J.: 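If you scroll down you'll find the structure; I have some questions about it.
Starting from 1, each residue takes its place in the sequence as its number. Start at 1 and go down the list; that is how both ligands and their atoms are numbered. All values reported here derive from a predicted model rather than from experimental measurement.
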Amino acid sequence: MKPKVLVTRRIPETGIRILKEHCEIRYRDALEPMSREELLKEIRDVDALYCTLSEKVDRGVIDAGKNLRVVATMSVGVDHIDVDYATSRGIYVVYTPGVLTETTADFAWALLMAAARRVVEGDRLIRAGGWRFSWAPTMMLGYDVHGKVLGIIGFGRIGQAVARRAKGFDMKVLYYDIERREDLEKKLGVEYRPMDEILREADFITLHIPLTPQTERLIGERELRMMKKTAILINTSRGKVIDQEALIRALKMGWIAAAGLDVFDEEPLPTDSPLINLENVVLTPHIASASYETRSKMAEYAASGLISILKGEVPDNLYNREVLKIRPLSDVKMI
Ligand code: GLV
């Protein structure tokens with residue numbers, strides 16, 4: 001009998017093709033995420049779940065999946081999954097590290113440039129009929145990017161990819177991570193600094209950390225007040241690593257100059273969020289990895305990881321390796 005896989009929402013065809021080869025798919029071909037009620041119902045009899053970061057896979061969902069062997073998420077972040085609990089239940093978790101690194105780094109730069117040089121504000125001004133003179137000496141002044149100090153908080157794959165791009169802008173690059181990466185400092189031309197020093201010194205700060213209990217609200221009022229008044233904060237990681245209320249105060253009161261945000265405390269961003277009425281913030285709807293090429297690779301990588309587990313093989317995108325000791329692959333194998 002073929003394994004049953006629940007695919008919670010529309011994904012690029014590359015992923016579906018791989019799953020179809022080996023599994024019976026229950027495919028919800030819809031743009032919106034699956035509701036919790038539907039997920040609790042649909043997961044009951046499947047062997048594998050293919051989800052996205054918009055579906056919370058908590059204890060309740062995991063317990064409802066009586067036959068569940070593997071959860072594949074089409075994301076590099078796994079904060080929407082209770083991984084510890086899944087592991088304790090012998091459920092394998094696969095994700096999509098690496099394939100979205102460069103695309104996400106490109107996008108962090110897009111936000112940085114847009115916020116520094118007021119690209120979106122300029123677009124809004126023209127569309128609103130507010131462009132009155134062809135050129136004016138003091139119109140829409142922004143901040144130079146080249147030659148400035150870039151602070152990278154979180155120096156994993158994406159943080160490093162952001163650093164590589166800074167070379168072309170002749171920037172001084174500082175980084176902070178819980179693990180100092182002396183091996184990379186010379187190669188990438190970056191300097192390690194404790195986080196507080198980065199906050200004080202950097203003109204641009206970009207966050208590339210996973211959301212964990214330790215990183216939740218890492219950037220709050222204290223940190224924002226330490227930053228330069230001319231500093232610009234970029235976030236393409238998870239909204240909850242910033243205290244969003246404090247950030248709104250910082251942007252309103254001028255503790256910092258601007259921000260570029262792809263992720264938020266609550267997504268979609270509520271339409272009455274004060275962020276929407278602030279000119280000095282560029283807002284995008286969690287699309288940092290959203291290129292045709294990368295989303296296709298992500299869909300494929302999550303699917304191939306899921307299939308490997310069901311074949312009794314260890315894929316390189318297995319997130320919870322400890323699970324191998326709890327439930328051997330021979331118990332999970334179905335293909
Ligand atoms: C996107 O935010 C991801 O985690 O892949």
Side-chain angles (χ1 to χ4, degrees), residues 7-12 14-15 18 31-34 49-58 61 70-84 86 92-112 152-162 177 206-219 233-242 244 259-269 282-306 315-320:
V7 181
T8 57
R9 65 199 296 201
R10 184 174 308 150
I11 61 167
T14 46
I18 292 173
L31 207 56
E32 61 272 14
M34 191 173 255
L49 171 69
Y50 187 113
C51 66
T52 68
L53 58 89
S54 311
E55 290 103 15
K56 212 168 168 48
V57 183
D58 56 18
V61 169
V70 50
V71 174
T73 179
M74 204 187 118
S75 61
V76 68
V78 294
D79 49 282
H80 54 297
I81 303 173
D82 188 336
V83 177
D84 288 344
Y92 286 69
V93 176
V94 301
Y95 70 134
T96 64
V99 291
L100 47 72
T101 301
E102 302 299 328
T103 302
T104 305
D106 287 349
F107 197 81
W109 274 94
L111 281 181
L112 189 155
I152 302 177
I153 296 183
F155 207 57
R157 285 176 294 260
I158 300 172
Q160 292 164 33
V162 168
D177 198 289
T206 181
L207 307 177
H208 300 287
I209 44 183
L211 175 63
T212 65
Q214 291 73 40
T215 62
E216 191 162 350
R217 294 179 174 236
L218 186 73
I219 305 295
L233 178 65
I234 305 301
N235 190 11
T236 51
S237 60
R238 286 290 180 270
K240 286 189 182 349
V241 303
I242 296 180
Q244 197 168 286
L261 306 175
D262 187 47
V263 286
F264 304 89
D265 213 344
E266 187 186 338
E267 295 177 7
L269 183 67
V282 177
L283 308 170
T284 53
H286 205 148
I287 53 170
S289 68
S291 71
Y292 290 108
E293 298 92 333
T294 290
R295 286 289 166 85
S296 182
K297 284 185 207 151
M298 288 167 73
E300 195 178 324
Y301 200 19
S304 63
L306 182 152
D316 59 4
N317 57 339
L318 172 62
Y319 184 82
N320 56 343

J.: Which protein non-hydrogen atom lies closest to atom 5 (O) of ligand 1, naming both residue and atom, and how far is it?
T.: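 It is Val76 N, 2.8 Å.
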
J.: Might you point out which heavy atoms bring His286 and Glu267 nearest each other, and give the distance in Å?
T.: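 Heavy-atom minimum between the residues: ND1-OE1, 2.7 Å.
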
J.: Is any side-chain heavy atom of Ser289 less than 4.5 Å from a side-chain heavy atom of Arg295?
T.: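 Sidechains of Arg295 and Ser289: in contact.
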
J.: Give the atoms of ligand 1, by number and element, whose distance to some non-hydrogen atom of Leu53 is under 4.0 Å.
T.: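 Ligand 1 atoms under the 4.0 Å threshold to Leu53: 1 (C), 2 (O), 3 (C), 4 (O).
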
J.: Any atoms of ligand 1 less than 4.0 Å from a non-hydrogen atom of Gly77? List them with their elements.
T.: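 Answer for ligand 1: 3 (C), 4 (O).
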
J.: If we only count heavy atoms from C-beta on, is the Val241 to Ile153 side-chain gap below 4.5 Å?
T.: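 A side-chain contact under 4.5 Å is absent here.
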
J.: Would you mind reporting whether Pro12 and Met74 have side-chain heavy atoms less than 4.5 Å apart?
T.: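 The answer is yes; the side chains approach within 4.5 Å.
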
J.: Give the atom numbers and elements of ligand 1 that come within less than 4.0 Å of a heavy atom of His286.
T.: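 Selected atoms, number and element: 1 (C), 2 (O).
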
J.: Before signing off on this row, confirm whether Met298 and ligand 1 have an N or O atom pair separated by under 3.5 Å.
T.: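 By distance alone, the answer is no.
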
J.: Which atoms of ligand 1 are found less than 4.0 Å from any heavy atom of Ser75?
T.: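 The atoms of ligand 1 under 4.0 Å from a heavy atom of Ser75 are 3 (C), 4 (O), 5 (O).
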
J.: Just so I know, are the side chains of Leu207 and Leu233 near enough to count as touching, which here means a heavy-atom distance under 4.5 Å?
T.: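 In short, these two side chains touch, coming nearer than 4.5 Å.
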
J.: Can you find a heavy atom in the side chain of Gln244 that is under 4.5 Å from one in the side chain of Leu269?
T.: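 They are in side-chain contact.
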
J.: Does any N or O of ligand 1 fall below 3.5 Å from an N or O anywhere on Arg238, backbone included?
T.: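 N/O-N/O distance below 3.5 Å exists for this pair.
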
J.: Show the atoms of ligand 1 that are less than 4.0 angstrom away from any heavy atom in Leu100.
T.: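 Numbered from 1, ligand 1 contributes 5 (O).
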
